[in-house]
Amino acid sequence: MLALAPSSSVLPSLRRVASVSSPARSVSRARNPARHAKRLFATHAEGAFRIPIIDFGKYRNAYSTAEKEQTAQDIVRGFTDVGFIYLSNHGIPQETVQQAFQKSAEFFQLPIEKKAELAWRDPRANRGFVQIGRERVTQSADADEIKRLREKAPDYKESMEIGRDWDKMYKNYWPQEADAPGFRRTMLEFFQTCHDLHVLVMRSIALGLKLDETFFDDKIHEQYHNLRLLSYPPIKTQLLKGDGQARAGAHSDYGTLTLLFQDSVGGLEVQNPRTGQFQPATPIPGTIVINAGDLLARWSNDVLRSTLHRVVAPPAKAISETEGVTPARQSIAFFCNPNQGAEISCLPTCLVPGSKPKYPPVTTEEYIVGRLQATYM
């Protein structure tokens, strides 16, 4: 049963008070290195914009709810201030991540004819191979505008989308075992591993929002998620100089959380919500970049931020006096979603008594399918 917080604990003003509620770990007050040594930050950017590094081992290995609550507050503060966190000591072995990257690389090395047989077909299914130029991520929901953007500056990447494998209506598209040995088994195991971490992080968010720790459990247990393997091939810099061109355009994600596993090349940039400037989210070995998505922002009445981000080309290697080539980049994103039919409406601790929610209720499927329909050609 949901444990409602008293009215004095309601959280809509969290963005204003979070930075002062725990002075020893405040982003904006971290001017004294000795006093604030316990709070780690990965980026070095202007103002108070920092992506915090959260040691999730303190939550996973806590002996009491009180111990968990400290980490939970740090996680919620990260999503409140920035919308992004780095999670260290998350419990996923590095060997597991490396195996997923290896099998992903082997898949994208297949001939285009083999990959095209597995082509993405339906936004309701959201499964299959997406070739370069087919997708154009953006904040726009207007299909005609997205079509114009796609024609002008398509995202220069290819991807493979994988959902829950037991779905009765929508099936995954798998390459033949002989073409990609171990690919299916590796990705299904990784899918489950990421879901298990998603459950733990959502429990920490529930505690940070003064809800019962298991509040979200029965709202995310259907595993209505999407595992996306991404390959950004080398590209000549001249092709990236067009207006609006990027490896992946500025966008927010649709669900609750995104778990992003990066290689060492980098390219992810996060928009500072205060200045509008994009700043690098530099890869940090052993961490997962996690950001809040649109549905979590709606659930929390925008207490938690769904922040714009994009992927830009890393520094290029010169091949002539006027031209360079960017290195290839790999990443794996696990898009965490609520259950397909879950109603996303304002959480009780995120609404001031007497006020109205910012958003009307919406189901997970309505929101995500609507966004996907406009994104792909």
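Counting begins at 1 with the first residue of the sequence. These values consider heavy atoms only, across backbone and side chains, with no hydrogens, waters or symmetry-generated copies. These numbers were taken from a predicted model, which means no experiment stands behind them.
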Practice item. Just do the side chain to side chain contact (heavy atoms under 4.5 Å, CB included) check on W120 and F129 with the steps written out, would you? Key: CA-CA 5 Å; W120 186 100; F129 171 69; over 6 Å; no
When the side chains of residues 110-119 are checked against the rest of the protein, which donor-acceptor pairs come out under 3.5 Å, sequence neighbours left out?
unit_1, atom_1, unit_2, atom_2, d
K114, NZ, D179, OD2, 3.4
K115, NZ, F108, O, 2.9
K115, NZ, E158, OE1, 3.3

Check your understanding: Any side-chain donor-acceptor pair under 3.5 Å between N337 and T364?
Key -> no
Practice item. Could you tell me which non-hydrogen atom of T186 sits nearest to which non-hydrogen atom of A100, and how far apart they are? Key: CG2-CA, 4.0 Å
Study note, to complete from the structure: Rounding to 0.5 Å, atoms CD1 (I288) and SG (C194) come to a distance of 7.0 Å
Review point. Tell me, do I368 and Q340 make a side-chain contact under 4.5 Å, heavy atoms counted?
Key: no
Check your understanding: Think R228 forms a cation-pi with F335, using NZ or CZ under 6.0 Å from the six-ring centre and within 45 degrees of its axis?
Key -> no
Check your understanding: Side chains of Y59 and I75: closer than 4.5 Å at any heavy-atom pair?
Key -> no
Practice item. Indicate yes or no: at least one non-hydrogen side-chain atom of I85 is less than 4.5 angstrom from one of F79. Key: yes
Check your understanding: Closest heavy-atom contact between V82 and R50?
Key -> CG2-O, 2.8 Å
Review point. Would F334 and F261 count as a close aromatic pair, with their ring centres under 6.0 Å?
Key: no
Review point. Is there a donor-acceptor contact under 3.5 Å linking the side chains of T256 and H198?
Key: yes
Review point. Does one side chain, of Q98 or Q102, offer a donor that lies under 3.5 Å from an acceptor on the other?
Key: no
Review point. Would you say the side chain of Y224 lies within less than 4.5 Å of the side chain of E365, judging by non-hydrogen atoms?
Key: yes
Review point. Between D122 and R127, is there a side-chain N and carboxylate O pair less than 4.0 Å apart?
Key: no
Exercise for review: Please name all residues satisfying salt bridge (Lys or Arg N to Asp or Glu O under 4.0 Å) with D263, sequence neighbours left out, ordered by chain then number.
Suggested key: none
Review point. Distance from T71 atom OG1 to K58 atom NZ, nearest 0.5 Å?
Key: 6.5 Å
**Study point:** Sidechain N-carboxylate O distance under 4.0 Å for D165, R184
**Key:** yes
Review point. Is L351 linked to Y359 within one hydrophobic cluster, defined over Ile, Leu, Val, Met, Phe, Trp and Tyr using a side-chain heavy-atom separation of less than 4.5 Å?
Key: no
Practice item. Measure across S204 and V201 and return the closest heavy-atom pair with its distance rounded to 0.1 Å. Key: OG-O, 2.6 Å
Check your understanding: Shortest non-hydrogen contact from H195 to I220?
Key -> CE1-O, 3.4 Å
Exercise for review: Quick one: closest heavy-atom pair of L308 and A250, and the distance?
Suggested key: CD2-C, 4.5 Å
Check your understanding: Do I332 and L227 come within less than 4.5 Å of each other through their side chains, counting heavy atoms only?
Key -> yes
Check your understanding: For atom CD of E177, is the number of surrounding heavy atoms from other residues, nucleotides or ligands below 6.0 Å larger than 12?
Key -> yes
Review point. Measuring from L188:CG to R164:CZ, what's the distance to the nearest 0.5 Å?
Key: 13.5 Å
Check your understanding: Cation-pi between R121 and Y170: NZ/CZ under 6.0 Å from ring centre and within 45° of the ring axis?
Key -> no
Point to revise | Pairwise distance SG(C336) to CD(Q223) - rounded to 0.5 angstrom | key: 10.5 Å
Practice item. List the steps and the verdict of salt bridge (Lys or Arg N to Asp or Glu O under 4.0 Å) for R310 and E269. Key: CA-CA 5 Å; R310 67 185 183 187; E269 292 188 343; 2.9 Å; yes
Check your understanding: Can you check whether S331 reaches R329 side chain to side chain, under 4.5 Å on heavy atoms?
Key -> yes
Check your understanding: Looking only at heavy atoms, which two atoms of A281 and I51 are closest? And how far apart?
Key -> CB-CD1, 3.9 Å
Practice item. Compute the ring centroids of F216 and W299, then answer whether they are less than 6.0 Å apart. Key: yes
Check your understanding: Distance under 6.0 Å and angle within 45° of the ring axis: does K103 meet both against F107?
Key -> no
